[in-house]
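Chain letters run A, B, ... following the sequence lines, proteins first, then strands; residues in each count from 1.
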Amino acid sequence: MNDFILDDIGALLKDAVDASEDVIKRNIELPKVKEHGDFAFPAFFLAKIMRMPPPKIAQEILSKIEDLLPFGSIESAEVAGPYLNLKISPQILSKKLLAEIFDQGQKFSSSDEGRGRNLTIDLSSPNIAKPFHVGHLRSTVVGSCLYRLFEKLGYNCIGINHLGDWGTQFGKLIVAYKKFGTEKLFEKEPIFALLDLYIRFHKEAKDDSSLEDQARGEFKKLERGDPEATEIWKTFYQYSLEEYKRIYGILNATIDEYTGESFYNDKMEDALKLLEQKRLTQISQDALIVDLEEYGLGAALLKKSDEATLYLTRDLAAILYRKETFDFAKMLYVVGSAQALHFKQLFKIVELLGFNWHESCHHVEFGWIKFGKEMMSTREGNIVFLNDVINRAKELAKEIILEKNPDIEDVDKAALYIGVGAVIYADLAVRRNHDINFSWEDALNFDGNTGPYLQYTHARLASLERKFGKEIISDIDFSLLKEPEEKQLMLTLYRFPQKLKLAAEEYEPAVICGYLYELSQNLNSFYQKHRVITDDTTLTNARMLLMRCVRIVMSEGLKILGLEPMERM
RNA sequence: GCCCCCGUAGCUCAUCUGGACAGAGCAUCUGCCUUCUAAGCAGAGGGUAGCAGGUUCGAGUCCUGCCGGGGGUACCA
């Protein structure tokens, strides 16, 4: 949708203001209080050019445009100090906006800016053989949200799970498996059986230092392709993947490729050769490095003194492979901010290799998830498993549903959607660069600024349509939508495409959360104060159209976040 | 030591990239369900935006310094 309001403002002011239409549009603001109108044009920046105090400028502009009003979607204008405040005509707004949303339906605010372009997203990436905990959640849900967001903007997205499926930890697991494993080990919750093996290994290794050596030995065997070790590793891999896929199903995670670290075992040598050809590498302290000191990025280690490769080596192989395989227009790494330097090094090396596409690679970083005052870590034991969070959220949701809506068809399904909605939303609603303090209280809260609140708003709208039971039409009397709450709803709807664009530019799901929350507040305020379905059929038709449009936007927004737009709850 | 991020109501967070009196939710308190879902709505209290300077007509937002928290800084990922 084009910004018809902004266009109207630009056209209206362009002859009255000493600035280009573009500059005018860029300076337009949204007033914080409704007494200041719907859009505002501040005159400060013209003070120097026109050599007049801002209030006088505002006054002058008003006198020049006064005769033109109403102008397009602009109903009236008035001066408040240094501001020119503009009011939008609800009738024209509704006519243009609602018709467009209604006609386009789910396609509303889609765009084709990404048409024919591939966008790869590195997301989730848990370490195999460890249960999924809330620390893994952010990469998964942020990555998935961006996936769906960019898909809406026309990109062809590819979600890649860079599984931590290689390394000495597997040597440890193999040793533990051989020593303590039983036939029944994987009968139920295999992933926790693996965790137990891992913990058991470390316990035993305290008393028996030879275990560490054995682990290194087993991993070497694995690297050489030893059939027995490979077989055991594959078992671990399969069980882990099964569990992850179950969780991804619940979280609406968007993963297309499961190319973990092991996938790049045979691709690192070519990458290193390429670096050597470009004479970028050198030996320092017996290790193979790329010296990035002059860029303030230190030394990038590619091979340890014992010839072993590092995760940078694998990421380098991966980025080259992905460029070749997917020819991405953009590559997003949704990985915690602890790895900021790592990605700066990686992208710099790509640049030094002479590839200009280094600019299309972005590290979408995010803060830690803390539990209590501590970082969450497997070793410390202060860990919250995602499974437990989801189960508790689901149980609580079920209790509440049975209390409020006992006749609902599939309680368990609804409870899962709501519980998961709360968990996902809590993670997405905080801006990425902030750390999150995980608290059970917040994760299990369904009131206020939460996922369930948004879902509830959608459920109310769905319920309204069921009750209405007739076809919603766009041929309505637009002049009837004149209540302030209705206008507010429409002004908010109008901003949806802009918000999606902003969220995409900043790789920031929290922008969408904030928007949908505001839309929900607008809707609920309206809903409380006005009746939609009444004896007045023309008014009912008009309001039902508005309600449908809100539902379309709510539904689309929720889906992008990965929440189920509930029909009943 | 050096580099990066964070510091806003008791708590959790917003503040549309520098604009009008800093806004929400949770918690506390007061109202509102014989009418479309009360997981809601309306309202009250709660603030020196870590501190100190600077730039600007204007700073929570930009710059400098300090304080506090976190992360990174060559053989973990």
Side-chain angles (χ1 to χ4, degrees), chain A residues 27 29-33 35-36 40 42 44-45 47-48 53-54 80-83 85 125 127 164 167-169 261 284-289 296-306 308-312 314-315 335-342 344 365 367-368 370 373 375 397 400-401 403-405 418 422 426 429-431 433-437 439 441-442 445-450 452-457 459-468 495 498-499 502 506 510-511 513-515 517-518 520-521 523-534 540 543 547 568-569:
Chain A
N27 277 280
E29 313 173 357
L30 298 177
K32 284 179 187 138
V33 283
E35 289 73 38
H36 293 147
F44 301 105
F45 76 102
K48 274 194 185 135
Y83 289 90
N85 292 329
S125 309
N127 287 326
T168 26
Q169 53 187 341
E261 295 189 58
S284 167
Q285 298 170 35
D286 291 332
L288 184 72
I289 68 156
L297 299 175
L301 239 76
L302 291 165
K303 263 190 176 181
K304 304 203 273 187
S305 46
D306 67 357
T309 55
L310 289 138
Y311 77 125
L312 181 61
R314 280 185 287 280
D315 259 343
V335 181
S337 53
Q339 295 188 42
L341 179 62
H342 166 75
K344 279 187 184 134
E365 51 186 297
W368 293 94
K370 294 187 277 190
K373 294 246 158 188
M375 295 299 151
I400 297 174
I401 296 168
E403 177 193 320
K404 295 179 190 271
N405 196 355
I418 292 165
V430 178
R431 285 200 157 248
N433 60 342
H434 281 80
D435 294 345
I436 290 182
N437 293 300
S439 82
E441 198 193 336
D442 291 345
N445 180 25
F446 302 157
D447 298 327
N449 189 1
T450 64
Y453 172 73
L454 304 190
Q455 292 171 311
Y456 174 74
T457 306
R460 277 185 143 179
L461 292 167
S463 163
L464 204 50
E465 290 194 12
R466 281 195 301 274
K467 174 158 189 198
F468 182 56
R495 294 194 338 255
Q498 300 156 23
K499 285 289 177 180
L502 182 67
E506 299 187 347
V511 169
C513 294
Y515 171 80
Y517 180 56
E518 196 184 335
S520 297
Q521 283 182 312
L523 186 278
N524 286 314
S525 294
F526 163 80
Y527 192 84
Q528 193 74 22
K529 201 164 171 185
H530 306 286
R531 280 195 73 75
V532 177
I533 300 169
T534 61
T540 301
R543 286 188 170 162
M547 294 301 101
R568 297 167 211 266
M569 63 187 270

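Nucleic acid contact class of A:S463 (heavy atoms, under 4.0 Å, all strands): base. Among the atoms of the strands shown, base atoms are found under 4.0 Å from some heavy atom of A:N85. Contacts of A:R431 with the nucleic acid, taken as non-hydrogen atoms under 4.0 Å apart, involve only primed sugar atoms and P, OP1 or OP2. At a threshold of 4.0 angstrom between heavy atoms, the contacts of A:L464 include nucleobase atoms, whether or not backbone atoms are also involved. Here A:Y527 lies in heavy-atom contact (under 4.0 Å) with a base. In this structure, A:K32 reaches the bases: a heavy-atom distance under 4.0 Å links it to at least one base atom across the strands shown.
Residue A:E441 qualifies as open at atom CD: its count of foreign heavy atoms under 6.0 Å is 12 or below.
For the C1' atoms, the distance from B:G46 to B:G25 is 14 Å, rounded to whole Å. Here, B:A22 and B:C16 have their P atoms 14 Å apart, quoted to the whole Å. For the C1' atoms, the distance linking B:A42 with B:G50 amounts to 35 Å, nearest Å. With both ends at atom C1', the span from B:G40 to B:U35 equals 15 Å, rounded to whole Å. Spacing of P atoms, B:G69 relative to B:A27, comes out at 31 Å, to the nearest Å. Rounded to whole Å, the P atom of B:U64 lies 34 Å from the corresponding atom of B:A24.
B:C2 is paired with B:G72 under the Watson-Crick or G-U wobble criterion, all donor-acceptor distances under 3.5 Å.
Heavy-atom nearest nucleotides on RNA chain B were determined for A:K467 and for A:A338, and the one closer to the 5' end corresponds to A:K467. Between A:R314 and A:Y456, it is A:Y456 whose nearest contact on RNA chain B lies nearer the 5' terminus.
Side-chain atoms of A:D447 stay outside donor-acceptor range of the base of B:A38, with no qualifying N/O pair under 3.5 Å. In the interface, the side chain of A:S284 is paired with the base of B:A74 through a donor and an acceptor atom under 3.5 Å apart.
Closest approach of A:F44 and A:P82 over heavy atoms only: CZ-CG, 3.5 Å. Across every non-hydrogen atom of A:F526 and A:V532, the tightest pair is CE2-CG2, 3.8 Å.
B:A20 has its base stacked against the ring of A:H36, the centroids being under 5.5 angstrom apart at an interplanar angle below 30°.
For A:T457, no side-chain nitrogen or oxygen approaches OP1 or OP2 of B:G40 to under 4.0 Å.
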